[in-house]
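Accompanying notes for the structure given below.
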Amino acid sequence: MILFFSNIFSQWVTAAVRLKIFTQKLTQNHLRIQGIILFVIINIIWGTTFPLIEKTVGSLSPSVLIATRFCVAALLFSGNLRGLNKLILRDGLLLGLVFFAYLAIETIALESIHANRAAFIVSLSAILVPLLGSFFGRRLPGKTFFSAGLAVIGIGVMFWGGGVLGIGDLLMLGDAVLYAVYTLILEQIAPRHPSLSLTSIQLFVIAILGALWSNTSLIDEMNIINENWGVIFYLGLVATAIVIWLQTVAQQWIRSEEAALLYTLEPIFSAIFSFLILGEQLGLSGFIGATFVLSAIVFSQKPQDLQLDT
């Protein structure tokens with residue numbers, strides 16, 4: 001009799017453990033889907049920025065545009081800076097410095113190469129993130145590298161213009177590495193802190209560095225800033241503050257290599273909004289490249305069967 005009840009109890013415990021694991025995996029999958037949706041939203045927002053900047057605030061110097069965007073964003077998020085500690089200040093400072101370095105290098109590189117070419121090179125971060133992750137001991141399935149490579153090929157078909165590699169190309173390659181590092185660091189840091197507070201620290205760090213970099217140009221270009229205040233406000237609030245916050249939230253739920261692959265959607269949305277706002281045509285190569293990118297993302301999201309074994 002004791003053995004009988006012992007077996008029954010053991011089966012109940014096993015069933016409870018299996019149910020707990022099943023529930024945990026369902027929760028993880030739900031959060032992962034939410035993270036993917038957030039990254040799609042991020043790319044849609046980013047897709048609006050290029051045509052808006054080209055159409056409305058192209059006369060602003062890059063350093064002033066960075067300074068004004070991040071000053072607006074930092075001020076709007078300043079209410080989240082209460083109750084900070086040394087750990088979140090350190091992590092926010094690190095993320096802010098890395099992201100500002102990425103923006104500064106991109107700005108310098110764009111003085112010598114076209115934005116489309118730069119978009120292709122920086123998309124290499126889709127491959128660099130899993131490569132760097134493997135270098136630090138992370139085991140990844142082969143489909144991760146295949147999907148990333150397919151997405152980069154798609155961006156290349158859309159935007160690569162050929163020609164000899166120059167200093168701008170090399171700078172953008174370094175920028176791709178830097179953004180890959182930022183993505184990996186954010187994956188580790190984001191779960192430790194409240195997302196709004198961590199985002200606010202990043203914004204203030206970049207705003208201060210941007211203001212220092214722009215120097216007196218902020219004053220010299222004040223008239224242009226006033227003429228385009230509505231677009232600058234949108235870029236600061238939506239395309240900067242909200243996007244960085246959504247990215248911080250999303251990377252609590254999905255891995256960095258998946259985030260890097262989802263970033264390759266941005267050129268597609270940029271092309272769509274450039275057509276809607278500026279009337280620019282995507283062309284046959286653009287459609288082919290977009291098909292490659294979308295195929296890569298669909299392949300990487302192939303559903304996996306839930307395993308209930310302990």
Side-chain angles (χ1 to χ4, degrees), residues 31 34-35 37-50 52-53 56-57 60 62-104 106-107 178-179 181-214 218 221-222 225-226 228-254 256 259 262-263 266:
L31 291 175
Q34 286 184 334
I37 292 172
L38 287 181
F39 268 104
V40 172
I41 294 172
I42 288 168
N43 283 290
I44 291 174
I45 294 172
W46 271 345
T48 65
T49 59
F50 178 76
L52 282 177
I53 291 172
T56 311
V57 295
L60 281 175
S63 61
V64 170
L65 182 56
I66 290 173
T68 51
R69 283 178 65 175
F70 280 90
C71 282
V72 168
L75 289 174
L76 292 171
F77 269 51
S78 59
N80 303 300
L81 293 176
R82 298 184 295 269
L84 303 180
N85 54 57
K86 290 182 179 180
L87 181 59
I88 192 173
L89 286 171
R90 183 202 67 186
D91 290 347
L93 176 62
L94 174 62
L95 289 169
L97 288 172
V98 175
F99 199 80
F100 176 78
Y102 162 76
L103 292 171
E106 179 184 55
T107 300
L178 198 60
Y179 199 76
V181 170
Y182 175 82
T183 304
L184 288 166
I185 294 174
L186 183 60
E187 181 188 25
Q188 298 300 315
I189 289 178
R192 301 177 191 168
H193 309 292
S195 58
L196 285 171
S197 298
L198 185 61
T199 300
S200 300
I201 297 170
Q202 290 185 72
L203 295 175
F204 266 92
V205 170
I206 299 170
I208 292 171
L209 293 174
L212 292 173
W213 184 28
S214 63
L218 267 174
E221 299 180 24
M222 189 56 66
I225 294 172
N226 290 333
N228 299 283
W229 185 249
V231 174
I232 292 173
F233 185 82
Y234 170 79
L235 293 173
L237 174 61
V238 180
T240 302
I242 291 178
V243 159
I244 293 178
W245 172 58
L246 291 177
Q247 182 182 5
T248 303
V249 172
Q251 282 206 233
Q252 299 179 42
W253 302 330
I254 66 175
S256 54
L262 289 168
Y263 285 137
E266 189 270 336

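Just so you know, these numbers come straight off a predicted model, no measurement behind them. Computed from heavy atoms alone, side chains included, the values below leave out hydrogens, waters and symmetry copies.
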Got a sec, which residues hit side chain to side chain donor-acceptor pair (under 3.5 Å) with Tyr234, two or more places apart in sequence or on another chain?
-> Thr48
State which residues pass side chain to side chain donor-acceptor pair (under 3.5 Å) with Thr183; sequence neighbours excluded, sorted by chain then number.
-> none
What are the two closest heavy atoms between [X] and [Y], and how far apart are they?
X      : Y      : answer
Leu97  : Val205 : N-CG1, 4.0 Å
Ser200 : Leu81  : CB-CD2, 3.6 Å
Thr107 : Pro62  : CG2-CB, 2.9 Å
Ala239 : Arg69  : O-NH2, 3.5 Å
Ser214 : Ala67  : OG-CB, 3.9 Å
Ile254 : Glu187 : O-OE2, 4.4 Å

What residues form a ring pair (Phe, Tyr, Trp, His ring centres under 6.0 Å) with Tyr182, not counting sequence neighbours?
-> Phe99, Tyr179
What's the spacing between [X] [atom1] and [Y] [atom2] if we round to 0.5 Å?
X      : Y      : atom1 : atom2 : answer
Ile208 : Leu203 : CD1   : CG    : 11.0 Å
Gln252 : Leu186 : CD    : CG    : 8.5 Å
Ile37  : Leu262 : CD1   : CG    : 11.5 Å
Gln251 : Gln188 : CD    : CD    : 10.0 Å
Leu209 : Phe204 : CG    : CZ    : 13.0 Å
Ile225 : Leu65  : CD1   : CG    : 9.0 Å

Could you pull out all residues at least two apart from [X] that satisfy side-chain contact (heavy atoms from CB on, under 4.5 Å)?
X      : answer
Leu87  : Asn85, Arg90, Asp91, His193
Leu94  : Val98, Ile185, Ile189
Val249 : Leu38, Ser195, Trp245, Trp253
Ala104 : Phe100, Trp213

Going by atom type alone, with no hydrogens or angles, which donor-acceptor pairs under 3.5 Å involve a side-chain atom of residues 72-80 and a protein atom two or more places apart or on another chain?
| unit_1 | atom_1 | unit_2 | atom_2 | d |
| --- | --- | --- | --- | --- |
| Ser78 | OG | Leu75 | O | 2.8 |
| Asn80 | ND2 | Phe77 | O | 3.2 |

Quick one: which residue pairs count as a salt bridge (charged side-chain N to carboxylate O under 4.0 Å, His left out) with a foot in residues 235-254, not counting sequence neighbours?
-> none
Evaluate the side chain to side chain contact (heavy atoms under 4.5 Å, CB included) criterion for residues Leu60 and Ile232: first the C-alpha distance (whole Å), next the side-chain angles of each, then the deciding distance (0.1 Å), finally the verdict.
-> CA-CA 11 Å; Leu60 281 175; Ile232 292 173; 3.9 Å; yes
Report the C-alpha separation of Leu84 and Ser197 in whole Å, then their side-chain angles, then the decisive distance to 0.1 Å, and conclude whether the side chain to side chain contact (heavy atoms under 4.5 Å, CB included) test is met.
-> CA-CA 8 Å; Leu84 303 180; Ser197 298; 4.1 Å; yes
Residues pairing under side chain to side chain donor-acceptor pair (under 3.5 Å) where one sits in residues 94-103, two or more places apart or in two chains, turn out to be none
Under the side chain to side chain contact (heavy atoms under 4.5 Å, CB included) criterion, do Leu218 and Thr68 qualify, and how do the steps go?
-> CA-CA 8 Å; Leu218 267 174; Thr68 51; 3.8 Å; yes
